[in-house]
Amino acid sequence: MVSEKYDPKGIEGKWQQLWAEQNVFKALEDSPKPKYFCLCMFPYPSGNIHMGHMRNYSIGDLISRYKRMRGFNVLQPMGWDSFGLPAENAAIQRNIHPRDWTLQNIAQMKVELKSMGIGYDWDREVTTCLPEYYRWEQLLFTKFLEKGLAYKKTGQVNWCPKCETVLANEQVQEGACWRCDSSVTVKELSQWYLKITAYAEPLLSDHGQLQKKWPQRVLDMQKHWIGESRGGKIQFQVDGSSEKIEVFTTRPDTLLGVTFVTIAAAHPLAEKLCKAPQSLEELEKIKVAVALRRPDEETTEKKGFFTGSYAIHPITGEKIPVWVGDFVVMEYGTGAVMAVPAHDQRDFEFATLYKLPIKQVIVPKGEKAKDTLKEAYTGSGELIQSGGFNGLDNEVAKETILKELEKKQCGVSTIQYRLRDWGVSRQRFWGAPIPIIYCESCGTVPVPEKDLPVELPMDITFLGKQGNPLEHHPTFSKTNCPKCQKPARRETDTMDTFVESSWYYARYTDPKCSTGPFAKSKADYWLPVDYYVGGVEHACMHLLYSRFFHKILRDWGYLSGDEPFTRLLTQGMVIKDGAKMSKSKGNVVTPSSILDRFGADTARLFSLFAAPPEKDLDWNEKGVEGCHRFLQRLWRLFYPHQSVLSEPRANEKEINFSEKCLVLRRKTHWMIQKMTEDIESEKFNVAISAAMELVNELYSALTDNDKFFFSQDGKWTLQEAMESLLLCLAPFAPHITEDLWHEMGHKTLMVLASWPHFRPELLAESKFTLVIQVNGKVRDRVEVSKDMSKEEIQKLVLGMEKLKPFIEGKALKQFVYVPERIANVVVV
RNA sequence: GCCUGGAUGGCGGAACUGGUAGACGCGUUGGACUCAAAAUCCAAUACUCGCAAGGGUGUGAGAGUUCGAUUCUCUCUCUAGGCACCA
């Protein structure tokens with residue numbers, strides 16, 4: 001017997017246990033149903049579940065449960081992105097091994113997740129800090145090396161003095177470390193890189209497959225991040241030397257407007273070209289200034305100097321001066337630009353400052369060159385002062401000129417990307433060791449597969465400074481060369497944690513595989529992920545790296561398909577009092593406190609109701625209470641009628657429904673339709689409101705006449721409404737609905753029930769509310785029959801008393817009638 | 001500066017392909033129940049003029065298209081996120 005009071009604590013644990021005992025969330029590959037892989041971005045095990053997690057997983061579980069009810073074989077796994085800095089910080093502060101700290105946190109968070117009643121297949125749990133996971137990542141790294149897609153490069157890297165670690169460009173935000181916010185400095189280090197740039201083109205072009213299924217802004221952000229520029233590389237011979245300066249330009253059409261060449265201070269030829277007096281000192285000054293420049297620094301006046309050397313224009317053969325400019329960066333393109341001051345604003349400013357010639361070569365069609373330019377003209381037009389190219393449309397000229405240069409073998413059309421290779425070395429302990437051995441005779445040798453994994457040692461001391469403790473470990477770095485067996489040194493750098501999260505989704509398809517990262521058959525069955533939910537902050541890093549790995553794994557034959565995630569939902573942050581919840585702001589509300597007070601169903605319902613999923617959610621205690629109140633209302637709708645509701649349903653055909661029942665049944669089927677559509681279109685907050693409307697309507701029916709539900713048709717109507725409500729709310733509030741479902745007499749678990757079908761014929765009405773306007777302003781409304789013709793409607797409307805003051809004495813200009821909606825009388 | 005979103009009551013948010021603006025929830029007010037309170041139930045709730053009937057105004061601002069615009073077009077303001085000497 002159901003108790004009078006809704007007691008979430010009493011029912012939630014009970015059903016969670018039953019679901020677990022009956023293994024309802026276990027995903028197997030031998031189902032006749034179509035597969036559905038629903039995935040939420042896995043958490044970093046920081047200690048406790050926070051509101052962002054709760055929102056994320058409520059969305060994922062809603063989709064998973066909904067799809068299961070729609071007849072899909074659903075896989076929803078959970079795991080732990082468990083390498084990372086906080087574990088090392090904890091190790092330093094508390095003298096505990098990062099592994100122990102991490103595993104404790106995982107245990108704690110798992111308890112919290114379970115108390116939320118999320119339907120995970122826990123048999124597929126993946127923990128990235130365990131050797132059974134990272135050994136495969138190490139294997140993949142050796143494949144990268146073998147395929148020439150991993151390489152070592154010495155260069156300037158971002159160095160965080162506090163974390164004592166290298167940061168990827170992507171991890172530097174406004175000159176500060178993305179995690180600890182310290183100012184980032186520059187340091188020379190030898191680093192491992194993965195050649196993501198080799199996949200720039202497919203990463204960009206496969207966006208076509210994601211259109212409409214991923215948020216447009218994520219696609220846009222990735223597109224800018226990859227930053228494709230089409231243009232050409234053009235060589236300028238250095239006058240009196242065999243050296244060539246290669247420039248990259250997107251505007252080969254302006255080639256005849258080149259009046260000088262500007263190179264970066266870090267350009268390899270810079271020193272050689274500095275022939276003018278004092279030019280070497282100038283070079284040094286600019287080098288230092290550029291090196292100290294912060295990424296977020298505002299651009300001031302451009303600085304530069306003439307080197308004393310000249311280059312030969314590839315078309316005209318003219319001698320043009322070579323300058324060094326601080327605005328030319330070595331990292332992009334070729335580190336040298338052809339300066340066209342008339343058609344590039346930066347070149348224009350530079351030329352104006354140093355009084356260099358400005359030559360116009362493009363003018364709007366039919367116009368002539370201006371006497372003086374106030375700024376660069378970057379628009380389109382036709383070529384002038386360009387010899388044989390005169391009169392050409394500049395878009396056409398781009399190709400024509402490049403072709404001419406190709407003939408002369410001093411130019412080629414290319415595509416330049418902004419994307420840079422992915423530096424994966426970290427001078428950190430708590431990460432997957434890079435499986436490399438340095439041998440004095442054999443050089444850089446990958447650890448053979450049979451020796452994997454390279455495991456992290458347990459006996460380790462954390463100082464909190466002096467970089468990676470692995471370097472100070474007595475034996476870790478000491479090993480023998482796999483090739484020649486001589487003593488050799490093991491790499492002590494570990495991998496960026498983004499490497500783990502780049503392929504974890506695939507590991508879920510075969511999480512215990514001990515012969516490889518996963519079996520291809522399993523991956524082919526489950527992948528791609530059908531629905532991926534997580535924060536938009538991962539738009540450019542995690543989501544790009546995962547796409548890169550997926551293409552790599554496809555090309556190496558590990559799996560099939562071009563893209564890892566078919567559909568992406570980026571959920572907003574959880575905000576309180578106008579700011580993101582954070583410890584420093586002291587505005588944190590923990591999910592566990594909400595679970596204790598209101599239960600999991602309320603917490604989940606509120607997470608889904610308070611805002612559309614992609615928008616920020618403002619945490620509001622009163623709103624939580626409102627959701628709790630709704631569930632209580634649902635409970636109380638059931639309780640007084642439990643004897644009626646638990647009776648077996650009669651045959652619908654034998655019931656003669658009163659008008660009142662038909663109205664209620666219409667609302668029931670309207671709700672089913674509305675909720676189905678709204679869930680499909682990710683408007684979860686609106687879906688919930690439809691259920692609330694039906695509950696309100698049922699309450700009203702009861703207030704009118706409390707004996708209503710004892711009549712045959714009333715009872716049937718209530719049973720149908722209640723059953724539909726429970727089924728539709730099941731993905732939002734699974735415990736209370738499961739409980740009431742069983743109270744209604746069902747013997748099987750609701751989790752496994754089918755989603756209800758709405759009956760269109762019950763939604764049909766013979767009447768509708770006609771809105772009557774005069775000159776576009778609403779003046780009245782009237783109930784009319786659907787089978788009235790336009791003429792009949794017009795006659796009815798024009799004869800209406802209420803309209804008289806607005807139309808009398810005026811001429812009817814037009815009568816607009818939109819069937820079943822609106823009638824507009826236009827008078828003048 | 002550039003790119004992409006967004007702007008609707010006191011608040012969170014609804015609104016089909018251009019067709020009743022404000023669903024649903026919160027809050028507020030009033031009522032019922034109660035000795036009383038809480039809880040619950042019912043009702044009202046954009047602003048404004050009016051005793052009322054009824055009228056006027058209203059979706060960031062301004063224009064435009066239309067019988068009719070929160071929705072489409074243009075200009076602008078504010079705001080969030082992303083990018084930035086990218087050749």
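Every chain is numbered from 1 and lettered A, B, ... according to where its sequence line falls, protein lines coming before strand lines.
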Examine [N]: is either OP1 or OP2 under 4.0 Å from a nitrogen or oxygen in the side chain of [X]? Give yes or no.
| X | N | value |
| --- | --- | --- |
| Lys683(A) | A15(B) | yes |
| Arg821(A) | C16(B) | no |
| Ser229(A) | A87(B) | yes |
| Lys777(A) | U57(B) | yes |
| Arg779(A) | G54(B) | no |
| Arg633(A) | A39(B) | no |
| Arg629(A) | A39(B) | no |
| Lys615(A) | G13(B) | yes |
| Asn685(A) | A23(B) | no |

Between [X] and [Y], does any side-chain N to carboxylate O distance fall below 4.0 Å?
| X | Y | value |
| --- | --- | --- |
| Glu621(A) | Arg597(A) | yes |
| Glu820(A) | Lys786(A) | yes |
| Asp344(A) | Arg346(A) | yes |
| Glu765(A) | Arg666(A) | yes |

Between [M] and [N], how far apart are the [atom1] atoms? Round to whole Å, please.
| N | M | atom1 | value |
| --- | --- | --- | --- |
| A38(B) | C33(B) | P | 15 Å |
| C42(B) | G10(B) | P | 26 Å |
| U59(B) | G68(B) | C1' | 16 Å |
| A46(B) | A23(B) | C1' | 15 Å |
| U17(B) | G6(B) | P | 15 Å |
| A7(B) | G60(B) | C1' | 6 Å |
| C76(B) | U28(B) | C1' | 37 Å |
| G13(B) | G9(B) | P | 12 Å |

Quick one: look up who [N] pairs with, Watson-Crick or G-U, both distances under 3.5 Å, and put none if it's unpaired.
| N | result |
| --- | --- |
| C83(B) | G1(B) |
| U70(B) | none |
| U65(B) | none |
| G50(B) | none |
| G6(B) | C78(B) |
| G22(B) | none |
| G58(B) | none |
| U40(B) | A32(B) |

Per [X] side chain, nearest of listed nucleotides [options]:
| X | options | result |
| --- | --- | --- |
| Val686(A) | C85(B), A87(B), A14(B) | A14(B) |
| Tyr699(A) | A87(B), C41(B), A21(B) | C41(B) |
| Glu693(A) | A87(B), C24(B), G19(B) | C24(B) |
| Arg418(A) | C86(B), U20(B), U4(B) | C86(B) |
| Lys622(A) | A14(B), C26(B), G54(B) | C26(B) |
| Phe806(A) | C85(B), G25(B), G55(B) | G55(B) |
| Lys802(A) | G19(B), G54(B), A87(B) | G54(B) |

- So with a 6.0 Å cut-off around CD of Gln216(A), is the heavy-atom count from everything else above 12? yes

- Message: Is it the case that atom NZ in Lys795(A) sees more than 12 heavy atoms from other parts of the structure closer than 6.0 Å?
- Response: no

Classify the nucleic acid contact of [X] as base, sugar-phosphate or nothing, counting any heavy atom under 4.0 Å across all strands shown.
| X | answer |
| --- | --- |
| Val826(A) | sugar-phosphate |
| Val329(A) | base |
| Pro612(A) | sugar-phosphate |
| Gly227(A) | nothing |
| Val778(A) | sugar-phosphate |
| Val247(A) | nothing |
| Asp220(A) | sugar-phosphate |
| Asp347(A) | nothing |
| Arg781(A) | base |

- Message: Under 3.5 Å, is there a donor on one side chain and an acceptor on the other for Ser380(A) and Asn394(A)?
- Response: no

- Between Ser229(A) and Tyr332(A), do the side chains contain an N or O donor and an N or O acceptor separated by less than 3.5 Å? yes

- Rounded to whole Å, the CE-C1' distance (Met671(A) to A23(B)) equals 16 Å

- Calculate the interatomic distance between Asp618(A) atom CG and G10(B) atom C1'; express it in whole Å. 14 Å

- Message: On RNA chain B, compare the nucleotides closest to Tyr332(A) and Val536(A); which residue's is nearer the 5' end?
- Response: Val536(A)

- Task: Between Ile822(A) and Val825(A), name the one whose nearest nucleotide on RNA chain B is closer to the 5' end.
- Result: Ile822(A)

- Message: Using the ring centroid of each side chain, check whether Phe498(A) and Trp422(A) are separated by less than 6.0 Å.
- Response: no

- Query: In terms of base orientation, is G68(B) syn or anti, with the syn window spanning 90° either side of 0?
  - Reply: anti

